[in-house]
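A, B, ... follow the sequence lines: proteins, then strands. Residue 1 opens every chain. In what follows, every heavy atom counts, from backbone to side chain, and hydrogens, waters and symmetry copies are set aside. Fair warning: this is a prediction, and the values are worked out from it, not measured in the lab.
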Protein chains: 2
Amino acid sequence: MIKCVKCGEVEGIMKAGYVRGKQRFLCKPCNYYFTIQENDVSAAVQRKRKRHQTTIIDIAKTLGVSNSTVSRALHGHTDISPDTRQAVLDTAALLDYQPNQLAYNLVKSRTNTIGMIVPEFHNPFFPNVIIGAHDVLTKAGYNLTIMQCNESYQVEISNTKAMLANRVDGLLISLTQETNNFDHLNVFEKRGIPLILFNRVCEQIDVPKVVVNDFESAFMAVEHLILNGYERIAHLGGPLTLLVSQERLRGYRAAMEKHGKSIENHMVIQGMLTQQKARIYGQYLLDLAERPNAIFAVNDSAAIEIMLIAKEKGIGIPDELGVVGFSDNPESAYIGPGLTTIRQPTLEMGQTTAEWILQLVDVEELSFSGRKVLNTELIVRGSSMRKGI
Amino acid sequence: MIKCVKCGEVEGIMKAGYVRGKQRFLCKPCNYYFTIQENDVSAAVQRKRKRHQTTIIDIAKTLGVSNSTVSRALHGHTDISPDTRQAVLDTAALLDYQPNQLAYNLVKSRTNTIGMIVPEFHNPFFPNVIIGAHDVLTKAGYNLTIMQCNESYQVEISNTKAMLANRVDGLLISLTQETNNFDHLNVFEKRGIPLILFNRVCEQIDVPKVVVNDFESAFMAVEHLILNGYERIAHLGGPLTLLVSQERLRGYRAAMEKHGKSIENHMVIQGMLTQQKARIYGQYLLDLAERPNAIFAVNDSAAIEIMLIAKEKGIGIPDELGVVGFSDNPESAYIGPGLTTIRQPTLEMGQTTAEWILQLVDVEELSFSGRKVLNTELIVRGSSMRKGI
DNA sequence: TTGTACGCGTTATCAA
DNA sequence: TTGATAACGCGTACAA
């Protein structure tokens with residue numbers, strides 16, 4: 001808002017002492033010192049919304065009592081005469097008093113707020129987890145503040161810093177695809193702020209974790225394909241930085257091995273699956289000379305992209321190609337012959353995560369570092385039901 | 001955490017003076033006064049996580065300088081010797097100093113945080129708006145904290161209070177289905193906190209609003225049905241407490257009138273469309289002796305429910321029944337013959353809302369109370385394309 | 001260039 | 001039952 005009078009720059013302006021009682025500024029870019037003209041000053045001052053908030057002191061003054069009395073009255077402490085208490089309450093309403101949570105938090109060093117950081121908002125997965133967590137937390141009298149990272153490690157770091165600076169009482173976090181350094185999380189341990197990882201967890205840091213049984217789910221999915229007569233099953237997986245991707249890959253492998261199916265290396269693709277990438281990989285797979293007759297995808301978006309490609313190429317689903325996804329997005333029930341997929345207990349994940357953080361916050365049992373593994377469900381639809389077997 | 005020693009209750013405990021230097025408590029439920037035994041006290045004290053946070057004073061002490069020097073060094077003010085500044089920065093890193101945003105906010109009475117309250121998280125609409133807003137705000141150096149209401153007016157009130165108490169610099173809000181009183185919003189005006197309504201707005205309060213052209217969109221949708229040869233068009237609308245519902249109803253009516261179609265009262269149903277309700281209303285409509293041959297639904301979920309019912313009843317879409325929805329949910333592209341619908345510019349809505357709030361926060365132009373109407377797009381899919389015309 | 005002292009709005013302690 | 005006063009952690013006008 002302060003502009004350099006020389007170069008007009010507004011970024012690198014910093015205060016640089018006083019001259020004749022007026023603030024002196026230094027414009028870093030053009031290295032020029034200046035003070036502000038009266039007009040500008042008045043404008044700047046006017047800018048400063050100096051609206052007076054009624055405080056407990058205002059109430060105290062109007063009533064001629066002390067601020068501690070007001071504080072007591074406001075908080076329903078006993079040891080206060082009903083009269084004064086009512087008077088305080090009345091004038092509080094009269095003056096439109098709103099407690100300043102900032103000040104309260106400062107003195108209590110406690111915010112009654114749980115932070116939640118999620119990697120993305122494109123899939124319905126995290127919003128659903130939020131619904132579950134929100135429910136539990138509000139019932140317990142806690143606020144939930146949410147931040148999202150857009151799958152960016154840098155944003156994740158800045159978000160954790162913001163959470164730290166805002167003194168959340170506890171943090172629920174699901175990691176970015178990019179995250180492979182965990183210093184920003186260790187800070188919470190040092191500071192004694194409870195931390196819980198969910199869904200996108202890592203093993204490098206020892207805190208409670210809430211996940212689904214990715215290994216078993218993937219195993220179940222692939223075995224289902226095999227039992228339906230598919231032989232050459234490809235896997236379109238997520239980035240291996242994510243534990244969930246690793247686990248699902250393991251599950252795929254285990255199922256294939258159990259049933260004596262060979263895994264061809266070029267039929268396993270791992271990567272960050274934007275829609276574009278999913279299309280490229282999917283086309284690659286379906287263009288292979290000996291193309292797979294089934295694909296297990298790490299999420300529903302990728303699976304659906306594959307179904308679309310298959311349709312374009314005239315490859316019949318499920319007869320010529322079986323497809324199984326992961327997550328049970330809403331659209332999976334409606335596409336083509338229906339997408340067989342793994343349903344995740346999103347609400348439950350949010351709820352248990354929230355319940356755990358409440359325990360940690362209230363009971364101060366920081367040693368507790370359990371791991372909750374939630375069970376998924378295989379939703380069988382048309383995309384994997386080969387006819388005639 | 002404080003239990004009554006008599007009835008074991010934990011809820012109605014309040015402080016009631018001191019006796020021999022020890023806190024005295026009163027259990028409201030059983031009206032019993034008590035102090036806490038030593039053991040319990042030590043436990044209670046221990047509970048209080050008294051981990052010392054390093055403050056600027058710590059840094060000042062270790063360096064033997066004053067706290068103001070530290071403050072200046074930390075904020076890159078000039079007028080400080082490079083040596084001391086570097087020393088401060090070093091010890092800050094050494095002591096793992098984390099600024100206390102709470103204190104900062106208190107003294108600045110400014111939080112650099114924009115609040116956003118959304119009515120629900122079940123549809124992808126609001127998450128997408130959030131993505132758009134988040135993008136703009138983070139780029140401007142602001143935090144975005146999100147709260148959701150589960151369509152509950154009471155939760156909305158408590159959320160606004162929390163936002164107020166947390167001193168957000170500005171608030172973006174989309175109203176609940178239940179909201180028909182706006183006192184909790186007027187407070188923001190009084191307090192000089194910029195407020196913007198988006199999507200679910202109301203006319204009773206004079207602040208900037210960002211909406212889509214619901215009237216024109218609905219008109220477009222219904223006219224599209226008419227031009228495709230549908231005659232008896234029903235409307236499955238949302239609750240009339242919402243302006244969007246009213247506008248979409250108006251659009252429906254206008255299109256029907258323009259083309260000389262009569263509107264039968266029992267073919268227009270308004271209400272809060274849970275999935276269950278959508279099914280009930282849908283079945284009612286399709287069971288009518290002279291059933292509609294097209295339905296314009298207020299959202300995609302309802303439209304899809306209708307498509308499912310039609311399928312169950314063996315009513316062919318689009319030949320026997322045309323369907324148009326609103327919002328373009330992901331599943332709408334994939335269901336049945338594809339659901340014709342209105343696509344809303346969610347990202348853009350988030351972006352412009354964010355841009356406006358930044359203007360209000362920075363420029364202090366509180367008089368500004370514009371209204372941005374974003375344009376939608378009719379996405380034509382199979383559900384409205386009657387063959388043979 | 002640095003230090004002193006006050007204010008931001010609350011709660012909590014102790015004395016009255 | 002009430003009132004002074006000290007925290008809570010930080011920014012900053014003013015003095016040095």
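When each of D:dG9, C:dT10, D:dT2 is scored by its nearest atom to the side-chain atoms of B:Ala103, the top-ranked nucleotide is D:dG9. Taking only side-chain atoms of A:Tyr104, from C-beta outward, the nucleotide of D:dT12, D:dT1, C:dT10 with the closest atom is C:dT10. Considering only the side chain of B:Val107, C:dC8 comes nearest among C:dC8, D:dG3, C:dT10.
For A:Thr69, no side-chain nitrogen or oxygen approaches OP1 or OP2 of D:dT1 to under 4.0 Å. For D:dA7, the OP1/OP2 oxygens have no side-chain nitrogen or oxygen of A:Lys108 closer than 4.0 Å. Applying the 4.0 Å criterion to OP1 and OP2 of D:dG11, one finds that B:Ser71 has a side-chain N or O inside that range.
B:Asn186 CG to B:Leu195 CG: the interatomic distance, rounded to the nearest 0.5 Å, is 9.0 Å.
One can place CZ of A:Arg191 at 11 Å from P of D:dG9, the figure rounded to the nearest angstrom. Nucleotide C:dG9 holds its C1' atom 14 Å from the CG atom of B:Asn166, rounded to whole Å. Atom C1' of nucleotide C:dC8 and atom CG of B:Asn100 are separated by 13 Å, given to the nearest angstrom. As rounded to whole Å, 13 Å separates atom P of C:dT10 from atom NZ of A:Lys61. For the pair A:Leu63 CG and D:dT1 P, the interatomic distance rounds to 17 Å; values are reported in whole Å. C:dT2 atom C1' lies 17 Å from atom NE2 of B:His75, rounded to whole Å. Distance CZ (B:Arg72) to C1' (C:dA5): 13 Å, rounded to an integer number of Å. When the C1' atom of C:dG7 is taken as reference, atom CD of A:Gln53 falls 16 Å away, rounded to whole Å.
Looking at heavy-atom distances under 4.0 Å, B:Asn67 makes contact with a base. Contact annotation for B:Thr55: backbone-only contact, meaning every heavy-atom pair under 4.0 Å involves sugar-phosphate atoms and none involves a base.
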Derivation and outcome, side chain to side chain donor-acceptor pair (under 3.5 Å), residues B:Ser71 and B:Ser68: CA-CA 5 Å; B:Ser71 174; B:Ser68 40; over 6 Å; no

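Defined by atom type and a distance below 3.5 Å, a donor-acceptor pair is missing between the side-chain atoms of A:Gln101 and B:Arg167.
Where A:Val65 and B:Tyr97 meet DNA chain D, the nucleotide closest to each residue was compared, and A:Val65 sits on the side nearer the 5' end. Residue B:Ser81 is the one, among B:Ser81 and A:Pro99, whose nearest nucleotide of DNA chain C lies closer to the 5' end (criterion: closest heavy atom). Residue order along DNA chain C, read from the 5' end via each residue's closest nucleotide, puts B:Pro82 first among B:Pro82 and B:Leu106.
Below the 3.5 angstrom threshold, one finds no donor paired with an acceptor across the side chain of A:Ser68 and the base of C:dT11.
In terms of heavy atoms, A:Cys149 sits closest to A:Thr176 at CB-OG1, 4.2 Å.
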Per-pair distances, 0.1 Å, donor-acceptor, side chain in residues 136-147 of chain A, under 3.5 Å, sequence neighbours excluded:
from     : atom 1 : to       : atom 2 : distance (Å)
A:Thr138 : OG1    : A:His134 : O      : 2.8
A:Thr138 : OG1    : A:Asp135 : O      : 3.1
A:Lys139 : NZ     : A:Asp135 : OD1    : 3.3
A:Lys139 : NZ     : A:Asp135 : OD2    : 3.4
A:Tyr142 : OH     : A:Arg110 : NH1    : 3.4
A:Tyr142 : OH     : A:Arg110 : NH2    : 3.2
A:Tyr142 : OH     : A:Asp362 : OD1    : 3.3

